[in-house]
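Structure incoming, see below.
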Amino acid sequence: MIPAQFDYVRAGSLGEAVQELAADEDAKVLAGGQSLLPLLRLRLAYPSKLVDVGRLPELTGVHDRGDHVFIGAMATHDEVMRSGVVNADCPLVALTTTKVADPAVRHRGTFGGSLAHCDPAGDLPAVVLALEGVFVTRSPEGEREIPAAEFFVDYLESALRPGEILVGVRIPKLGAGWGYHYEKFHRTAQSWAIVGVAAAVKRSNGAIEEARIGLTNMGPTPVRARAVETALRGVQLGDQVRQACEEAAADTSPPSDLHAQPDYRRHLARVLTHRAILNAAGSP
Amino acid sequence: MTEVGKARKRKEDARLLTGRTQWTDNLRQPGMLHVMFLRSPMAHARITGVDVSAARDLPGVVAAFSGQDFAAEQGSLPCAWPVSEDIVIPDHPPMAVSEVRYVGEAVACVVATDRYLAADALEAIEVDYEPLPAVLDMNEALAPDSPKVHEAGNQAFTVKITSGDVEAAFRDAPVVIDRTYIQQRLIPSAMEPRSVLATTDGDSFTLWSATQIPHVLRVMLAVVTGIPEHKIRVIAPDVGGGFGSKLQVTAEEVLCLLLTKRLGKPVKWTESRSEGNLTVHHGRDQIQHLRLAAEADGRIRGLQVELLADMGAYLMLVTPGVPLLGASMFNGIYKMDAYEFGCTGVFTTKMPTDAYRGAGRPEATYGIERMMDELAAELRLDPLEVRRRNWIKHEEFPFTTISGLTYDSGNYEAATDKAMALFGYDKLRAEQADRRDRGDPVQLGIGVSTFTEMCGLAPSRMLGAANYGAGGWEHGSVRMLPTGKVEVVTGSSPHGQGHVTAWSQITSDALGVPFEDITVLHGDTAIAPRGMDTYGSRSLTVGGIAVLKACDKVKDKARKLASHMLECSPDDLDFAEGVFKVKGTDSQKSIQELAYAAFTAHDLPEGVEARLDSDATFDPENYSFPHGTHLCAVEVDTETGMAKIRSYVAVDDVGKVVNPLIVEGQIHGGIAQGVAQALYEEAVYDAEGNLLTTTMADYLLPTAMDLPDFVTDRTETPATSNPLGAKGVGEAGTIASTPAVVNAIVDALRPRGVHDIQMPCTPERIWRALR
Ligand SMILES: Cc1cc2nc3c(=O)[nH]c(=O)nc-3n(C[C@H](O)[C@H](O)[C@H](O)COP(=O)(O)OP(=O)(O)OC[C@H]3O[C@@H](n4cnc5c(N)ncnc54)[C@H](O)[C@@H]3O)c2cc1C
């Protein structure tokens, strides 16, 4: 559990960080280190240099920007889950963040790091996908915006180009009438999700007007349960909801690992989506 | 002063909690070098070449060696328990020389000025392997055409024990239950990783190690390396848990000693968690075939046990003995007419197994307690009722069981009644029936475990009869210092159990000196030279009693001195609260005054030597047999398969309790570890023999967040095999809880036709069983 040698620089400004990265294609951004350092220690990654972006003002804090909340990439999980703005305007993010790992990890791990890492077992990617967040980045070419639907490319692979830094994510405020839930299924309190379901549901007149569903660990990237979202439109709460949720595993390719086989994950996706929807539809 | 029985906070804790600790990895020696081992990535292969030259040339590297470089000197790691005539004990070089037999086996090492450089240099070593077939499945390993782990074959030993007429018991039996259970492989996960530091002054050697057994280790290091025993000092400084995994003589300990010998410099090695998962000896791993014959009313006629026990690639310190510690425990607390135990030890290309909390007894207890539930289900009886019809009644003690042990004392009725009341047994059964009727997707199951175990290892003559290579006594010394304070020296080697506190309590009562005035020394062969160390829930019932005996001797000597000084007959002296008083007078001497008089030695009676101190050893005449009733309620979500413990009641009988707080801690930790086997832990090897569970993301351990509040209580039936009446407590919780949890899960699902879930009972396994 000893990493190979690497260089370390703490960037003094966003520009400097971008330059450091551009100058060395084997350099990597270091945020909270909660995912990157284990990879280094297990010698699964051999970066030449770590560029610490921990102190860059552009990447920190959580900001109310009217129609959306801007969460800086370096905001820690702990900061996010305690943020008044996040709790008021994107409560699904706050709720899900409380279910990430444990207090020690939440004090170091960052919102941006857990998205940039693109771990399909991570809880936040499915949430940001469901909420249709927009990723704001910086590279030598300048600033760029990437919609969530295009950000998660493959297993541990994001749309970030070499030398590109995630500055933060815009989470649109959903407004009134929405309920939300994150259903995390895991064996111990500190372990990763076997399957997770992020749901936001808008009700009007007792029926479901719109539902947004993101699935954790049901494929190499987080996925939207589009078939369920469509089937739920206009449905009254009751048996029809269960039926709609039977589509939850459609077009997914869940992994097979020590924790579960794909058929079991598909089954869980159906059961948990149903639970998440009922919960979301019931909550204010 | 009655210290015994008081819930004293532990003397150890302030220092440990504030980090003023001496873990082996914290220790430094001038000029100290760091060792890292290159480990086999192959489960089984012939080594055709090792080239360490490129590593030697790297900056900071002082030396690099292959197994060949130590072939003449490294000896073979010891197995102290040849359990049968037919046993095969293969050569076990600390660093592999010609063949590797499990992933993680050391093949080479680097010594460098720091750990980081050593780790880098490992990548420069080239090893050529010629792959050989992995041997992973015990049943396949025993087939005649199986590839062999060792030349002599894959069978390590066979043992058969029979008592009573087994054939008659099964002939025409109204009920026969036939089941196969799997004890999955576990990885003992002590909080402190292993660490070794060795140094030499050119003539003699000191080795610090995170070990449970400094005394046994010293002897064994001498035997393995040929370094004379009197030239080796072993120190176990602060040790952070072991659970049996540090009851071992490891390759790394031997090699650090040999490296310091060869290089003349101090060397240190500390494992990483992943390295530990690969190479700390594993636990359990048995296939148990059980057959139980009973009358129609549930009374047991006989029990047949046939085990396959996975030894892994080699026999380590007590590897083959572990399943045999269960040989006389499968009959549990029950009476029966006939019993048969058979065990075959099997070699596979996996990490060797060895003692892990409970060693052999959790396996046996699981087997019988699961079978009792199956018998109850077959006869449509309440599981506690079936047990009542079979257990030894309290008035029948001492009782010699079918497997030949004599249980000295116990009261299963009392513990069970208390547990049922605390649990609300009848109410929970009613709720269970209601949920079944309603077809609630969340079903309730109730699990029972009425267990006993043999611990307090062990009467030396019994160990001798079992062909174990050492005795089971323990040693204690008590020294009154000139100022009246007391130094206790114990051969037990605590690594988290709180012996310093408990031994202080015992000594305080025995000598009448304040608790605070007592210090306890241990874990260093130069300071506590005589000992048999800590394992098998033996410390209090053997080591604590040795201290008590030493106190008695000190008191006898003090009485002689007091009678001399007070000019009376020893019989005229009363001793209380640390003071000898001449009956009916005010004339008295405190034990502190006597200690000073013994120190100055100005006026000692005939035949009394200077100083007030004494040594004693204690060798118990029998094991101790703690017992108890554990009840567990589990909610099973039949839609997801998730099983969640709702409540857990443990009523334990550990005899006389010295410190209730320590006992409570041992029970809590024990239950957690047993629950972990039932629900979470499993070491998994893939089809090529690679260990997949090398991190804690894959090898799941429960934390406080995953466990319910345990309700614990006690009954106190004193042991008769030692003067305190104490029984061991270190393993009881682990032994009891695993079957309680699994019985509860199966109980929840029985109406759905389920009669077993393989451990760990993961949600996926439960879900599949329900399909
Ligand atoms: C014990 C443990 C348990 C955990 N359990 C969970 C869990 O249950 N659920 C969960 O969701 N997560 C879990 N995590 C992961 C945790 O959420 C991490 O914080 C997160 O995955 C990574 O965030 P980080 O800030 O530590 O990123 P780092 O580890 O520093 O970086 C991760 C990756 O992202 C890249 N990166 C980071 N920031 C940027 C940026 N601004 N721009 C471009 N690239 C960037 C890095 O280069 C690296 O490749 C767990 C972690 C641990 C150690």
Side-chain angles (χ1 to χ4, degrees), chain A residues 1-6 34-35 37-44 46 98-99 101-105 119 121-122 183-197 217 242 245-246 248 254 256-276 278, chain B residues 34 36 59 112 114-123 193 270-277 441 637-644 675-676 679-686 691-707 760-768 770-771:
Chain A
M1 294 291 263
I2 288 180
Q5 274 197 22
F6 56 86
Q34 298 301 291
S35 294
L37 293 190
L39 289 179
L40 263 64
R41 292 166 72 94
L42 293 166
R43 297 201 172 210
L44 295 172
Y46 290 78
T98 63
K99 303 195 175 182
D102 52 45
V105 172
D119 188 334
E183 185 75 20
K184 181 171 183 173
F185 190 82
H186 51 165
R187 285 172 60 202
T188 62
Q190 280 169 300
S191 52
W192 295 74
I194 293 174
V195 172
V197 180
N217 222 0
R242 184 183 282 276
C245 293
E246 287 302 305
S256 167
D257 56 31
L258 270 180
H259 305 293
Q261 298 298 305
D263 60 333
Y264 178 53
R265 281 199 160 95
R266 288 198 186 92
H267 168 78
L268 284 177
R270 292 188 276 266
V271 173
L272 303 176
T273 299
H274 184 230
R275 290 181 184 180
L278 290 187
Chain B
H34 297 262
M36 295 277 278
D114 75 41
R115 283 184 83 194
Y116 294 81
L117 295 172
D120 288 344
L122 288 184
E123 296 194 346
T270 300
E271 74 186 354
S272 71
R273 183 62 66 177
S274 297
E275 195 179 17
N277 279 16
D637 180 339
T638 58
E639 289 179 351
T640 62
M642 180 67 86
K644 205 168 169 329
V675 168
L679 294 180
Y680 303 114
E681 296 186 36
E682 181 172 29
V684 183
Y685 282 89
D686 72 9
L691 183 70
L692 300 180
T693 47
T694 54
T695 74
M696 287 188 173
D698 294 320
Y699 190 83
L700 292 193
L701 296 175
T703 63
M705 290 182 277
D706 303 299
L707 296 164
C761 303
T762 64
E764 179 165 4
R765 281 186 180 148
I766 293 175
W767 175 71
R768 289 196 192 283
L770 286 173
R771 288 219 296 167

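Chain letters run A, B, ... following the sequence lines, proteins first and then strands; every chain starts at 1.
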Margin query: Suppose we screen for side chain to side chain contact (heavy atoms under 4.5 Å, CB included). Which residues come up paired with B:A121, at least two apart in sequence or across chains?
Written below: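 With sequence neighbours excluded, B:A121 shows a side chain to side chain contact (heavy atoms under 4.5 Å, CB included) to B:A55, B:L58, B:V61, B:V110, given in chain and number order.
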Notebook entry, point to check: If you take all heavy atoms of B:S274 and B:T695, which pair is closest and at what distance?
Noted result: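 Heavy atoms of B:S274 and B:T695 come nearest at OG-CG2, 4.0 Å.
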Checklist line | Contact origin within A:D257 toward chain B - heavy atom pairs under 4.5 Å | finding: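 Nothing of A:D257, per the 4.5 Å heavy-atom cut-off to chain B.
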Item checked: Atom of B:M642, atom of A:H186 and distance for their closest heavy-atom approach ->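 Closest approach of B:M642 to A:H186, heavy atoms only: CE-O, 3.3 Å.
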Next item on the list: Give, as side chain, backbone, both or neither, the part of B:T703 having an atom under 4.5 angstrom from any heavy atom of chain A.
Entry: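 For B:T703, the side chain is the part near chain A, not the backbone.
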Checklist line | Contacting region of B:M36 [heavy-atom separation from chain A under 4.5 Å] | finding: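 Side chain only.
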Check: Just by distance, do the side chain of A:R265 and the backbone of A:A260 share a donor-acceptor pair under 3.5 Å?
Finding: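 Between the backbone of A:A260 and the side chain of A:R265 there is a qualifying donor-acceptor contact (under 3.5 Å).
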Note to self: Using heavy-atom distances under 4.5 Å, tell me whether B:E123 contacts chain A through its side chain, its backbone, both, or neither.
What the structure shows: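 Side chain only.
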Notebook entry, point to check: Are B:Y699 and B:E681 close enough that a side-chain donor and a side-chain acceptor fall under 3.5 Å?
Noted result: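 Looking only at side-chain atoms, B:E681 and B:Y699 do form a donor-acceptor pair, the distance falling under 3.5 Å.
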Notebook entry, point to check: Given that the side chain runs from C-beta out, which part of B:L692 has a heavy atom under 4.5 Å from chain A: side chain, backbone, both or neither?
Noted result: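 Both parts, backbone and side chain.
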Note to self: With chain A as the partner, which of B:A119, B:A697, B:G641 has the greatest number of non-hydrogen pairs under 4.5 Å?
What the structure shows: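 Heavy-atom pair counts peak at B:A119.
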Notebook entry, point to check: Would A:E246 and A:R242 pass as an ion pair if we require N to O under 4.0 Å?
Noted result: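 So A:E246 does not pair with A:R242 through a salt bridge.
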Please tabulate, for the side chains in residues 266-274 of chain A, all donor-acceptor contacts under 3.5 angstrom to protein atoms that are two or more places apart in sequence or on a different chain.
unit_1, atom_1, unit_2, atom_2, d
A:H267, NE2, B:E639, O, 2.5
A:H267, NE2, B:W767, NE1, 3.0
A:T273, OG1, A:A269, O, 2.5

Checklist line | Side chain, backbone, both or neither of B:D637 within contact of chain A (heavy atoms, under 4.5 Å) | finding: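 Only the side chain of B:D637 comes within 4.5 Å of chain A.
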Item checked: Residue part contacting chain A, namely of B:L701, when any heavy atom lies under 4.5 Å ->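 When you check distances to chain A, only backbone atoms of B:L701 fall under 4.5 Å.
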Item checked: B:P760 portion near chain A, given a 4.5 angstrom heavy-atom threshold ->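 Side chain only.
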Margin query: Heavy-atom cut-off 4.5 Å, strictly under: side chain, backbone, both or neither for A:I194 against chain B?
Written below: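 It is neither, since no heavy atom gets under 4.5 Å.
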